[in-house]
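Presented below is the structure to which this report refers.
First the proteins, then the strands, lettered A, B, ... as listed; each starts at 1. Hydrogens, waters and symmetry mates are skipped; everything else that's a heavy atom, side chains included, is used.
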There are 2 protein chains.
Amino acid sequence: MTSAPLNIADTSDNTAANAHRDDDQSASELTSSGQEGATAGEEGVRSRKRGAELEDAIRCACVAELAESGYGGLTIESVAARAQTGKASIYRRWPTKQELVLDSLTSMMSGPVMRLADRTYDDTMTTRDALLELLFEVSEFMLGPEGDAMRSMMGESLRDETFTLSFRCDFFDPRKQAVLDLLQRGIRRGEVRTTALDDVVPEMIGGLFIHRILLLRQRPSRPELERILDGFIMPAIQS
Amino acid sequence: MTSAPLNIADTSDNTAANAHRDDDQSASELTSSGQEGATAGEEGVRSRKRGAELEDAIRCACVAELAESGYGGLTIESVAARAQTGKASIYRRWPTKQELVLDSLTSMMSGPVMRLADRTYDDTMTTRDALLELLFEVSEFMLGPEGDAMRSMMGESLRDETFTLSFRCDFFDPRKQAVLDLLQRGIRRGEVRTTALDDVVPEMIGGLFIHRILLLRQRPSRPELERILDGFIMPAIQS
DNA sequence: CCGATAGGGAACGGATGCGTTCCCTATCAG
DNA sequence: CTGATAGGGAACGCATCCGTTCCCTATCGG
């Protein structure tokens, strides 16, 4: 660790490993309460998930493994262990590691991404404030395990056509479009100069986040986001 | 394979016998003693490199493999094959795959990076033009095999302390500093507003490149760089 | 309560890659 | 020319992981 005063969510303790980590994981469901329970357990927790519930747990475990160990480090066995299931149950559903990862990734990204793309802003909101909102949401997303998973896949997508495509379609494009829509809206409202409607804008914003959050692992505070927005983004686009 | 016009040393022909090449590799050059006639071969090419020459060839092959196959896909055997040597010769020098990669990467990055960081600009050059020059050089670097190698390492550096550090120190920081120096110079010259001296600026520029070049694999033309610079970067920083 | 279904666990054969070792040979110094 | 040194090639043992198979058992519908 060390190196810099990062306020990362966590990472780091690879050793602590299985000290129960179904913490956030969001999405899936709960059922929660202790794991295992194979034996001795008297608590009435179902120890064997089935069907869709199991599938979600596997996808979820897959993304978590991806975030933690990367694509190269991810093994079907590790996913199975984390999802508390067996390899056979995974192979029953996905023919290869590649398809499991791809499916887990896309099914995970389609949720939050759609929220952003379809979002509408009421007329009292300035472009500046709407952008701030967007920046904040994107940064929150990238700070989560999904962000680490994304980062792990960047290198891999260099070599895998399918990954590249899914990456762009499911993640980048919707976000880019959300920013472009906001710019368009700003132009209509007279807050943004017409020439600012340019792919470069979402790319710079996205790039900044990739750099800061994914590579440097810093969490930008809301005031920091405002500072960036007011200091550098708005001056570059406003009319 | 395929994908883009990289100018990597070579690769590909693992099958073909040893049609030896010691093409560029510089430095070497025949060491007098013109007498070859070593074996039956009529081509008088030295077939066995030694010492520093061999070491360079190995590092070079390592980076090329990294760019092509990623860290996970890189094997000592593949590096050896590309460098036309044996595994033993590699293990004689580097104890593990990790150290080989790290050493190859840093020794490769320290060259071009230093050029940027130490660069000075004569007084007739505007900040805008100097930035354009810098942008151009960085983009050229990232478009080469070194860029792909970098991208391949991004995911890995998430899990490896040493990689992260080397990455930041050897690559990011010098570039960031080069931009900051340019901003400082611009402030002195009255071309840049004082509040623009901010980490965000190099981060946005770097992020844009990561996004465009590494992720999207597009080559920004010089006019395109000028458009970006004049349209969005300068407006954000000028006084 | 019981039988059908689906999940869990463990072991397998096969492949791959690491890091080592051994031996032969190209290269270089003298 | 010759002996010392260093490189090349191939095989080995070891470990890991893939994808499969087999068998037992938890769960659920009826």
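- The side chain of T75(B) approaches dG17(C) more closely than any other nucleotide in the set dG7(C), dG17(C), dC17(D).
- Across the interface with DNA chain D, nearest-nucleotide mapping of A88(A) and L74(A) shows L74(A) to be the residue nearer the 5′ end.
- Counting atom types as modelled, K87(B) pairs a side-chain N or O with a base atom of dG19(C) as donor and acceptor under 3.5 Å.
- Residues satisfying the salt bridge (Lys or Arg N to Asp or Glu O under 4.0 Å) criterion with R222(B), sequence neighbours excluded, are E133(B).
- Under the side chain to side chain donor-acceptor pair (under 3.5 Å) criterion, D173(A) pairs with no residue, sequence neighbours left out.
- Rounded to an integer number of Å, the gap from CG of L54(B) to C1' of dT5(D) is 14 Å.
- Residues that satisfy the ring pair (Phe, Tyr, Trp, His ring centres under 6.0 Å) test with Y71(A), not counting sequence neighbours, are F163(A).
- Projected onto DNA chain D by closest heavy-atom contact, E77(B) and G73(A) fall at different nucleotides, the more 5' of which corresponds to E77(B).
- Using a 4.0 Å cut-off on heavy atoms, the residues of residues 92-104 of chain B that approach DNA chain D are R92(B), R93(B), listed by number.
- The salt bridge (charged side-chain N to carboxylate O under 4.0 Å, His left out) pairs that include a residue from residues 203-213 of chain B are E203(A)-R212(B), R212(A)-E203(B), R212(B)-E224(B), where partners are two or more places apart or lie in different chains.
- Atom pair E65(B):CD and dC18(C):P shows a separation of 11 Å (rounding to whole Å applied).
- Checking dT5(C), dT25(D), dT21(D) against every side-chain atom of R48(A), the shortest atom distance belongs to dT25(D).
- By the salt bridge (Lys or Arg N to Asp or Glu O under 4.0 Å) test, R93(B) is found to be paired with E55(B), residues two or more places apart in sequence or in another chain being considered.
- With rounding to whole Å, Q84(A) atom CD is found 15 Å from dA26(D) atom C1'.
- Nucleic acid contact for I90(A): none, since no nucleic acid atom lies under 4.0 Å from a heavy atom of the residue.
- Computed from coordinates, the I76(A) CD1 to dT21(D) P distance equals 16 Å when rounded to whole Å.
- The phosphate of dG19(C) has OP1 or OP2 within less than 4.0 Å of a side-chain N or O from Y91(B).
- Each of T96(A), L100(A), I58(A) was scored for a side-chain contact (heavy atoms from CB on, under 4.5 Å) with I76(A), with one residue passing: L100(A).
- With dG7(C), dG7(D), dC18(C) as the choices, the nucleotide that has an atom nearest any side-chain atom of R50(B) turns out to be dG7(D).
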Just do the side chain to side chain donor-acceptor pair (under 3.5 Å) check on D170(B) and S166(B) with the steps written out, would you?
CA-CA 5 Å; D170(B) 295 325; S166(B) 147; 3.3 Å; yes
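- The interatomic distance linking E55(B) (CD) with dA6(D) (P) rounds to 12 Å, in whole Å.
- A80(A) comes within contact range of no nucleotide atom at all, as no heavy-atom separation falls under 4.0 Å.
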